[in-house]
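For clarity, every value in this text was computed on a predicted model and none was experimentally measured. Quick note on labels: first sequence line is chain A, next is B, and so on, each numbered from 1. Both backbone and side-chain heavy atoms feed into the values below; hydrogens, waters and symmetry mates do not.
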Amino acid sequence: MKRYTLSRKERIKSKKLFDTIYSQNNLIVSKDQKVKAVFIIENQTENIPVKVTEAVSKKTGNAVWRNRVKRLLRESYRVNKFLLVDKCLERNISLAVVFSPYFLNQKRNPILQLSDVLPGMLDVINKIRSSI
RNA sequence: GGUGCAAGUCGGGCAGUUGCGUUGCCAAAUGCUUUGGUAGCGAGGAAAGUCCGAACUCCAUAGAACAGGAUGCCGGGUAACACCCGGGAGUUGUUUUGAGCAAUCUAACAAUUACGGAUAGUGCCACAGAAAAUAUACCGCCCGCCUUUGGUGGGUAAGGGUGAAAUGGCAGGGUAAGAGCCUACCGCUUUGGAAGUAAUUUCAGAGGUCUGAAAGGAUUAUUCUCUUUAAUGAGGAUAACAAGGUAAACCCCAUCCGGAGAAAGGUCAAAUAGGAAAGUCUUUCCGGUAAAACGGAACAGAGUUGUUCGCUUUGAAUGGCUUUCGGGUAGACUGAUUAAGAUUUGGUGUAAACCAUAUUCUAGAUAAAUAACUGCCGUCCCUUUUUAGGGAUUACAGAAUUCGGCUUACAGACUUGCAUUCCAA
RNA sequence: CGGGGUGUAGCGCAGCCCGGUUAGCGCGCUUCGUUCGGGACGAAGAGGUCGGGAGUUCGAAUCUCCCCACCCCGA
């Protein structure tokens, strides 16, 4: 299996799963306060160990900016996803995570780069690993 | 060459690595599908706002009207239009041409216009002003009378004053003073001719009378009918200078409009609950009967009793189970991208546009793909005298059923036209 | 994707339909009085691009058109 892929099956797509994730409310914020994550842990083992998606509030910016944030979050997860996947396969559990920007909006950060998001994402992933 | 304005076109390019969506082909596992390989394609001029018009789908519907809404000079284009093109008229501005002492008028050019009707009716017009629309007279001007620095009765609407707006303008005649009272010119209304598809333009003619509170009447002009040899006479019709503004006030007139919207609509359809139909089960055994009824024994439940035996009683109803059917939720698929399509060439037309011909480069996602990085070129910014170095990859902005428009946002580049006179020849 | 509403003083609201005279009301704010002082009370006062831009009109917060921001509803 390749390391740096992110196919459609690893995305969260149903409204029920969103509801259960947000009702549990396990919130983790990164050290630089740019990325936050909400997740749940399930004991059932499925074919897909980790399911991910990203959510951006409508008030933070216009459609172009929001799309860019989502793509950068997805890219930074794609590069580092093996950290979570290996751990979950080891422990035989499954995970569902929603990533969101925390202290970011279009007025303060009109132009975003990958380097703005990547350290926050790494920090969040490490926190999730340690909390499993 | 530069600058400004207007109109139009474009909205970074090439190569590589990784990744995502989709379509075709191949291979493997499999046969619902999944995985891998390979090839093609993968945001815009506004995709935005959701302001109009349609396609498409479902519902309703004999036809028409009312209500409500939209549009509103004329002609053309279009599937349709609050759109586009051409023409007309109005308004504003500029300079020039012409007229004039001047105000101003005329012509050309440019910009602009939600540009039907104010004589169908109703409403409103603050303050000021005599008076704001049925009319009317403050200061004036003129005449008569009187108790003469004035008062009073009448005439007048030229002048002053108010206001955004004051009952055609201006000049001359006329008058007691005045007035379309009369005349010329301009304007306005109307009749006829010509040009034009039409809006409209142009030419010629007529029109400002008297009386009356008004309706109307008289008179004059044009015309029709009857009568008379004819003149004429009788009757009828039309006209005889306005009625200030406001319809983005109500309204009237003409034309158009059934409603809801892809969360429309269609197909498949789990679990649970409920509906309908069919089948099956009715504790077991023996006797008995055509089949039942019925009798006996065992079994189970209930009652009686301190407990057991025993006794009594119950064991077919709003029942259980199975299957099928239809509605249909979650969910999945579809609608969904070849279309009033784009481009080339030719023709018609002033143009918008239409016709013919040829080619076909093709986003199709659905918790929603179109991304990240590297190199070169291009562009921009900063530092520097230059070489060079560093930074940015840009503005506005992200398809969601699809088209035609409108509106709004926009870094920079290019083309065309006009203006300007700054620089050079 | 479709539909509806709001914007007026520091805050909460009238006025808009049906255009006009000084754009008002309550709380708050400033000054003065009252009190030993404060509160309460009384008197006076300041504070408004009526969300922005065009248009109609003699005249627009109000009528019409175009933008901006915010809020609500529909499975």
Side-chain angles (χ1 to χ4, degrees):
Chain A
M1 189 172 173
K2 288 204 171 186
R3 238 181 174 189
Y4 304 110
T5 60
L6 184 63
S7 74
R8 180 149 292 192
K9 301 214 170 149
E10 304 174 52
R11 313 280 313 274
I12 298 170
K13 295 177 87 172
S14 76
K15 188 178 161 66
K16 280 183 187 174
L17 193 51
F18 268 90
D19 288 343
T20 51
I21 288 169
Y22 277 103
S23 61
Q24 295 271 329
N25 206 13
N26 285 328
L27 187 71
I28 282 182
V29 181
S30 69
K31 216 179 271 179
D32 53 0
Q33 297 206 326
K34 281 182 176 171
V35 180
K36 69 174 180 180
V38 186
F39 67 100
I40 55 169
I41 305 166
E42 290 177 344
N43 288 321
Q44 316 163 357
T45 55
E46 295 172 8
N47 293 331
I48 298 132
V50 184
K51 281 190 160 190
V52 198
T53 194
E54 60 280 336
V56 186
S57 166
K58 209 172 186 179
K59 304 197 174 176
T60 51
N62 62 11
V64 175
W65 191 87
R66 278 182 273 134
N67 271 340
R68 180 158 182 85
V69 169
K70 285 164 82 171
R71 281 164 186 160
L72 288 175
L73 285 173
R74 200 184 309 150
E75 178 71 15
S76 55
Y77 170 75
R78 182 179 71 82
V79 174
N80 296 300
K81 75 175 224 182
F82 61 91
L83 293 171
L84 278 180
V85 173
D86 294 349
K87 189 93 174 181
C88 285
L89 286 173
E90 207 175 287
R91 298 273 179 116
N92 216 5
I93 56 177
S94 69
L95 202 64
V97 192
V98 177
F99 295 105
S100 291
Y102 193 59
F103 261 105
L104 289 172
N105 57 38
Q106 197 174 9
K107 282 184 182 174
R108 264 185 256 172
N109 315 74
I111 298 167
L112 274 180
Q113 296 295 313
L114 190 63
S115 54
D116 295 333
V117 183
L118 200 57
M121 176 60 75
L122 265 172
D123 192 39
V124 165
I125 287 175
N126 282 325
K127 280 185 179 177
I128 293 174
R129 274 188 77 185
S130 60
S131 74
I132 288 174

| request: Of all the heavy-atom pairs spanning A:Leu95 and A:Ile128, show the shortest one and how long it is. | output: CD2-CG2, 4.0 Å

| remark: Classified by glycosidic angle (syn within 90° of 0, else anti), B:G169 comes out anti

| query | Going only through I, L, V, M, F, W and Y residues with side-chain contacts under 4.5 Å, is there a path from A:Val117 to A:Val64? | reply | no

| query | Taking atom P in both B:A392 and B:C373, what distance in whole Å separates the two? | reply | 11 Å

| message | Just checking A:Lys31: does its NZ atom have more than 12 heavy atoms from other residues, nucleotides or ligands closer to it than 6.0 angstrom? | response | no

| Which whole number of Å gives the distance between the P atom of B:G44 and that of B:U362? | 12 Å

| field | Nucleotide paired to B:A237 in any strand shown, Watson-Crick or G-U, under 3.5 Å | value | B:U222

| How far apart are the closest heavy atoms of A:Leu72 and A:Gln113, and which atoms are they? | CD1-O, 3.9 Å

| task | Could you pull out the closest heavy-atom pair between A:Ile28 and A:Lys127, with the gap in Å? | result | CG2-CD, 3.8 Å

| query | For A:Ile21 and B:A367, what is the distance between atoms CD1 and P respectively, to the nearest whole Å? | reply | 15 Å

| Going by a 90° cut-off around 0, is B:G180 syn or anti? | syn

| said: Does the structure show a Watson-Crick or G-U wobble partner for B:A242, both distances under 3.5 Å? Name it, or say none. | reply: none

| task | Considering only atom P, compute the distance from C:G59 to C:U6 and round it to an integer number of Å. | result | 28 Å

| message | Can you tell me the base-pairing partner of B:G258? Count Watson-Crick or G-U wobble geometry only, both distances below 3.5 Å, and say none if there is no partner. | response | B:C59

| field | Span that lies between the P atom of B:A164 and that of C:U22, in whole angstrom | value | 15 Å

| task | Look through every strand shown and name the nucleotide pairing with B:C14 as Watson-Crick or G-U wobble, where both distances are under 3.5 Å. | result | B:G375

| note | Answer for the Watson-Crick or wobble partner of B:G144, both distances under 3.5 Å, is B:U152

| request: For B:A330 versus C:A75, give the span between their C1' atoms, rounded off to a whole number of Å. | output: 14 Å

| request: With a 3.5 angstrom cut-off on both distances, give the Watson-Crick or G-U wobble partner of B:A297, or none if there isn't one. | output: B:U284

| request: Could you tell me the separation between the CD atom of A:Glu10 and the C1' atom of B:G19, rounded to a whole number of Å? | output: 12 Å

| note | If pairing means Watson-Crick or G-U wobble with both distances under 3.5 Å, then the partner of B:U420 is B:G2

| request: Tell me what A:Arg11 touches on the nucleic acid: a base, only sugar-phosphate, or nothing, going by heavy atoms under 4.0 Å. | output: sugar-phosphate

| query | When rounded to the nearest Å, what value does the distance between P atoms of B:G287 and B:U322 take? | reply | 35 Å

| Taking all atoms of both residues into account, what is the closest heavy-atom pair of A:Val97 and A:Ile12, and its distance? | O-CD1, 3.5 Å

| said: Rounded to whole Å, please give me the gap between NZ in A:Lys70 and C1' in B:G398. | reply: 12 Å

| message | Please report the distance, rounded to the nearest Å, between CG in A:Asn67 and C1' in B:A368. | response | 10 Å

| Given atom CG of A:Asn62 and atom P of B:G49, what is their separation to the nearest angstrom? | 11 Å

| request: Please round to the nearest 0.5 Å and tell me the distance separating atom SG of A:Cys88 and atom CG of A:Leu83. | output: 11.0 Å

| message | Taking only the P atom of each, what is the distance from B:G405 to C:G74 in whole angstrom? | response | 37 Å

| Euclidean distance, atom CZ of residue A:Arg66 to atom P of B:A48 [Å, nearest integer] | 14 Å

| Taking syn as any angle within 90 degrees of 0 and anti as the rest, which one fits B:A43? | syn

| request: Consider only side-chain heavy atoms of I, L, V, M, F, W and Y, link residues closer than 4.5 Å, and tell whether A:Val29 and A:Leu118 are in one cluster. | output: no

| Which atom pair, heavy atoms only, marks the closest approach of A:Val38 to A:Leu27? | CG2-CD1, 3.7 Å

| Between B:U18 atom C1' and A:Tyr77 atom OH, what is the distance in whole Å? | 17 Å

| P gap between B:U92 and B:U246, integer Å | 15 Å

| request: Would you kindly confirm whether A:Phe99 and A:Phe82 end up in one hydrophobic cluster when ILVMFWY residues are joined by side chain heavy atoms under 4.5 Å apart? | output: yes

I'd like a list of close polar pairs between nucleotides 371-375 of chain B and the protein, N/O only, cut-off under 3.5 Å.
from   : atom 1 : to      : atom 2 : distance (Å)
B:A372 : OP1    : A:Arg68 : NH1    : 2.5
B:A372 : OP1    : A:Arg68 : NH2    : 3.3

| Is B:U106 syn or is it anti, if syn means the base angle is within 90 degrees of 0? | anti

| query | For RNA chain C, what string of dots and brackets results from 5' to 3' when Watson-Crick and G-U pairs need both distances under 3.5 Å, crossing pairs get [ ], and pairs with another strand get |? | reply | (((((((..((((......[...)))).(((((.......))))).....(((((..]....)))))))))))).

| field | Passing option when A:Ser76 is tested against A:Met121, A:Arg71, A:Lys81 for side-chain contact (heavy atoms from CB on, under 4.5 Å) | value | A:Met121

| note | Across every strand shown, the nucleotide meeting Watson-Crick or G-U wobble geometry with B:U229 (both distances under 3.5 Å) is none

| remark: What one should report as the nearest heavy-atom pair of A:Ala55 and A:Ser100 is O-OG, 2.9 Å

